[in-house]
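All values below were derived from every heavy atom in this structure, side-chain atoms included, with hydrogens, water molecules and symmetry-related copies excluded.
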Amino acid sequence: MSEYVIEMRNITKSFFGNVANDNITLQLRKGEIHALLGENGAGKSTLMSILFGLYQKDSGEIYKDGEKVEINSPNDATALHIGMVHQHFKLIDIFTVLDNIILGSEPNTIGFVNRRKAAKRIKALSEQYGLNIDLKAKIEDITVGMQQRVEILKMLYRNNDILIFDEPTAVLTPQEIEELMKTMKNLVNEGKSVLFITHKLNEIMAVADRCTILRKGKCIGTVDIKDTTKEELSEMMVGRKVSFVADKPETKATDTILKVRNLSVQSQISKKLAVKNVSFEVKAGEIVCIAGIDGNGQTELIHGITGLTKLKSGKVYLKKKNITDAPIRERSKHGMSHIPEDRQKHGLVLDYTLEDNMILQSYWETKFVNFGFLRRDRIHYYAEKLTEQYDVRSLQGVKSTCREMSGGNQQKAIVAREIDKDPDLLIAVQPTRGLDVGAIEYIHKQIIEQRNNGKAVLLVSLELDEVMSLSDRILVMYEGEIVGELDPKTTSTQELGLYMAGAKRQGKEENK
């Protein structure tokens, strides 16, 4: 019997002449959590997509329990008990949780789908692994964390023993990440084996047994986590030392750029108010961070400020101009840039090329248009300049469609476009979500540079380290209200956590 449940030996895969995986060998032991670490575009998702049958290798061999296998489709992978939770979930929004889990593997009795039998089995699995969920709920009505539970239950329902998680924490709250880590440990305790793609070094140090590092399509090496450090892993990943502390010089806030007065926004999924009578200001030369546990009104607040959602009441002023009812393009032209929370829904047109996405907010400007016709040569040059500056990687350069790009590179493209607009106000929501440590370091520098150049920055982040490192002021949201304004220099993460959990609030401290 082989020591490894999965061996990928000397795997090579190219797209359009670009080598995504270059002679990579990966070995997974039974009952281990094996992390796969690398920069955005290093080839991690491609390698796992080959194992799951979404792509076919150009050369190399795959072994399952010591026997050579051919995986030409996801059906082949499922037959070998290999399952995958993709970075962007493969769920049907209007279907129920139950129907999504059994889709393609429906139990039937005399030609009819036996939902009762399926529900009984899924309920037993959810209790066994601590993945409780409402099977009757529609996907469009549940949180991202719950959607991930659905994806995990899909794998368990199909009796998968090899579980691939592609950037599983990129869209989760800190609390949901903690739950996922526990779930992974439960899975390996039950005899499953986990392959775990991530950029987050703290998570690797917390749950992984071993880690394989990829850089620009090549395997740099495999290390035992107990024998390494976070700093060593980051250096192996990017090929240089990375600073984990943002260098932020002192500045003085000046003119008010954004003023929000008595803002209320209705929830998209209920008749209740998601944002309740919120007021604050952001000045030139400062970074103000909205902190809070996900689902406390941050999303609705930003949608109201940026024009994605109509306000229930209140006013929004940008550089003293009332933009409460202004169209999104008008807000953009008046100096607002927005790095959105959902990069695929609000940040990009996925089937457009990268170069066209780079000018979504500026294609009407004279530098890109002449007598009503787009100046393709200038657009191409502009997009290439930005992708080089921000290290946005894609298989066909700026001619790639954004759908073909990794999530991290999609994010970098949006950040590049929005910062390059030279805005007076930069609204950045989870700007480093899904990025590797090298890219995070670079994006943090760009955000701080905006602030140093006298721009106003409104940051929304669920990462406490990012909140404490970048902010000049912290506004904590709880249940749709601002419950505290804190100075990161005099506030601990523990105190911030109390405000975020609703156990403490300024002017009205409570223990709940």
Engineer: Report yes or no: does Q344 contribute a side-chain atom to a donor-acceptor pair with the main-chain N or O of D342 at less than 3.5 Å?
Structural biologist: no

Engineer: Start with the C-alpha distance between Q450 and I419, add both sets of side-chain angles, then the distance that settles side chain to side chain contact (heavy atoms under 4.5 Å, CB included), and finish with yes or no.
Structural biologist: CA-CA 8 Å; Q450 291 292 301; I419 289 181; 3.5 Å; yes

Engineer: May I ask you to check whether over 12 heavy atoms, not counting those of E67, lie within 6.0 Å of atom CD?
Structural biologist: no

Engineer: Could you walk me through whether I142 and V150 pass the side chain to side chain contact (heavy atoms under 4.5 Å, CB included) check?
Structural biologist: CA-CA 10 Å; I142 63 177; V150 177; 4.1 Å; yes

Engineer: With no hydrogens and no angle check, is any side-chain donor or acceptor of R417 less than 3.5 Å from a backbone partner on N357?
Structural biologist: yes

Engineer: For the pair S400 (side chain) and G397 (backbone), establish whether a donor and an acceptor sit closer than 3.5 Å, ignoring hydrogens and angles.
Structural biologist: yes

Engineer: In Å and rounded to the nearest 0.5 Å, what is the CG to CG distance from L348 to L360?
Structural biologist: 7.5 Å

Engineer: What's the shortest heavy-atom distance between M205 and T229, and which atoms?
Structural biologist: CE-CA, 4.0 Å

Engineer: If I take atom CD1 from residue I302 and atom CG from residue L458, how far apart are they, to the nearest 0.5 angstrom?
Structural biologist: 4.5 Å

Engineer: For D465, check side chain to side chain contact (heavy atoms under 4.5 Å, CB included) against everything at least two apart and list the hits.
Structural biologist: N202

Engineer: Is a donor from one side chain sitting under 3.5 angstrom from an acceptor on the other, for Y390 and D420?
Structural biologist: no

Engineer: Taking the six-membered ring for Trp and the single ring otherwise, decide whether the centroids of Y499 and Y478 are under 6.0 Å apart.
Structural biologist: no

Engineer: State, with a plain yes or no, whether a side-chain heavy atom of Y352 is found less than 4.5 Å away from one of C402.
Structural biologist: no

Engineer: Is there side-chain contact between E355 and R376, with at least one heavy-atom pair below 4.5 Å?
Structural biologist: yes

Engineer: More than 12 heavy atoms of other residues, nucleotides or ligands under 6.0 Å from NZ of K216: yes or no?
Structural biologist: no

Engineer: If the threshold is 4.0 Å, N to carboxylate O, is there a salt bridge linking K421 and E418?
Structural biologist: yes

Engineer: Please walk me through it: do Q27 and T222 pass side-chain hydrogen bond (donor to acceptor under 3.5 Å, both in side chains)?
Structural biologist: CA-CA 9 Å; Q27 298 166 316; T222 298; over 6 Å; no

Engineer: Identify the two heavy atoms, one from V282 and one from A456, that lie closest to each other, and give their separation to 0.1 Å.
Structural biologist: CG1-CB, 3.8 Å

Engineer: Please name all residues satisfying side chain to side chain contact (heavy atoms under 4.5 Å, CB included) with N159, sequence neighbours left out, ordered by chain then number.
Structural biologist: H81, R121

Engineer: One thing to verify: whether R29 and D209 come together as a salt bridge, which I'm taking to mean a side-chain N less than 4.0 angstrom from a carboxylate O.
Structural biologist: no

Engineer: Do the charged groups of K399 and E404 touch, with an N to O distance under 4.0 Å?
Structural biologist: no

Engineer: Is the H346 to H303 ring centre distance short of 6.0 Å?
Structural biologist: yes

Engineer: Taking atom CG of L163 and atom CD1 of I152, what is their separation to the nearest 0.5 Å?
Structural biologist: 8.5 Å

Engineer: Does some side-chain heavy atom of S126 sit less than 4.5 Å from a side-chain heavy atom of N132?
Structural biologist: yes

Engineer: Give me each pair satisfying ring pair (Phe, Tyr, Trp, His ring centres under 6.0 Å) with a member in residues 39-75, each pair once, sequence neighbours excluded.
Structural biologist: F15-Y55, F52-H86

Engineer: Is there a side-chain contact between L233 and C211 in this structure, where contact means two heavy atoms from C-beta onward sitting under 4.5 Å apart?
Structural biologist: yes

Engineer: Considering residues at least two apart in sequence or located in another chain, which fulfil the side chain to side chain contact (heavy atoms under 4.5 Å, CB included) criterion with D487?
Structural biologist: K489, T490

Engineer: So which heavy atom on M358 is nearest to which on A416, and how close?
Structural biologist: CE-CB, 4.2 Å

Engineer: Would you name the heavy atoms of R158 and I101 that are closest together and state the gap between them?
Structural biologist: NH1-O, 2.7 Å

Engineer: Can you confirm whether Q128 is buried at CD, in the sense that more than 12 heavy atoms of other residues, nucleotides or ligands lie under 6.0 Å from that atom?
Structural biologist: yes

Engineer: Could you tell me which non-hydrogen atom of V207 sits nearest to which non-hydrogen atom of M181, and how far apart they are?
Structural biologist: CG1-SD, 3.4 Å

Engineer: Looking at E190 and K192, is there a salt bridge between them, counting it only when a charged N and a carboxylate O are closer than 4.0 Å?
Structural biologist: no

Engineer: Quick one: which residue pairs count as a salt bridge (Lys or Arg N to Asp or Glu O under 4.0 Å) with a foot in residues 143-153, not counting sequence neighbours?
Structural biologist: R149-E179, E151-K154

Engineer: Would you find a donor on one side and an acceptor on the other, under 3.5 Å apart, between the side chain of S469 and the backbone of E466?
Structural biologist: no

Engineer: Between V460 and L301, is the side chain to side chain contact (heavy atoms under 4.5 Å, CB included) condition met? List the steps.
Structural biologist: CA-CA 10 Å; V460 179; L301 173 66; over 6 Å; no

Engineer: Applying the side chain to side chain donor-acceptor pair (under 3.5 Å) criterion to N10, which one of N21, N23, D22 satisfies it?
Structural biologist: N23

Engineer: For side chain to side chain contact (heavy atoms under 4.5 Å, CB included), just list the numbers for V97 and L153, CA-CA rounded to whole Å, side-chain angles, deciding distance to a tenth of an Å, and then say yes or no.
Structural biologist: CA-CA 10 Å; V97 167; L153 285 167; 5.7 Å; no

Engineer: Determine which pairs satisfy salt bridge (Lys or Arg N to Asp or Glu O under 4.0 Å) with at least one residue from residues 45-56, sequence neighbours left out, and list them in order.
Structural biologist: none

Engineer: Is it true that D161 and K30 make a salt bridge, defined as a side-chain N closer than 4.0 Å to a carboxylate O?
Structural biologist: no

Engineer: Is the backbone of L462 close enough, under 3.5 Å, to the side chain of Q430 for a donor and an acceptor to pair up by distance?
Structural biologist: yes

Engineer: So, the side chain of Q411 versus the backbone of P431: is there a donor-acceptor pair under 3.5 Å, distance only?
Structural biologist: yes

Engineer: Counting only N and O atoms by type, is there a donor-acceptor contact under 3.5 Å from the side chain of N296 to the main-chain atoms of I293?
Structural biologist: yes

Engineer: Would you check if the side chain of T251 reaches a backbone N or O of G285 as a donor-acceptor pair within less than 3.5 Å?
Structural biologist: yes

Engineer: Can you check whether V69's main-chain N or O pairs, donor with acceptor, with K64's side chain at less than 3.5 Å?
Structural biologist: no

Engineer: Please check if the number of heavy atoms outside Y157 that lie under 6.0 Å from its OH is greater than 12.
Structural biologist: yes

Engineer: Can you check whether H34 reaches I6 side chain to side chain, under 4.5 Å on heavy atoms?
Structural biologist: no

Engineer: Quick one: does Q446's side chain get under 4.5 Å of V415's, heavy atoms only?
Structural biologist: no

Engineer: Can you tell me how far OG of S49 sits from NZ of K57, rounded to the nearest 0.5 angstrom?
Structural biologist: 14.5 Å

Engineer: Might you point out which heavy atoms bring R433 and R343 nearest each other, and give the distance in Å?
Structural biologist: O-NH1, 3.1 Å

Engineer: Is there side-chain contact between L103 and I92, with heavy atoms separated by less than 4.5 Å?
Structural biologist: yes

Engineer: Nearest 0.5 Å, please: how far is CG in L496 from OG in S471?
Structural biologist: 9.0 Å

Engineer: Taking the side chain as everything from C-beta on, heavy atoms only, tell me whether T491 gets closer than 4.5 Å to P488.
Structural biologist: no

Engineer: When rounded to the nearest 0.5 angstrom, what distance separates CG in D356 from OG1 in T401?
Structural biologist: 11.0 Å

Engineer: Verify, without hydrogens or angle tests, whether K44 (side chain) and E39 (backbone) share a donor-acceptor contact under 3.5 angstrom.
Structural biologist: yes

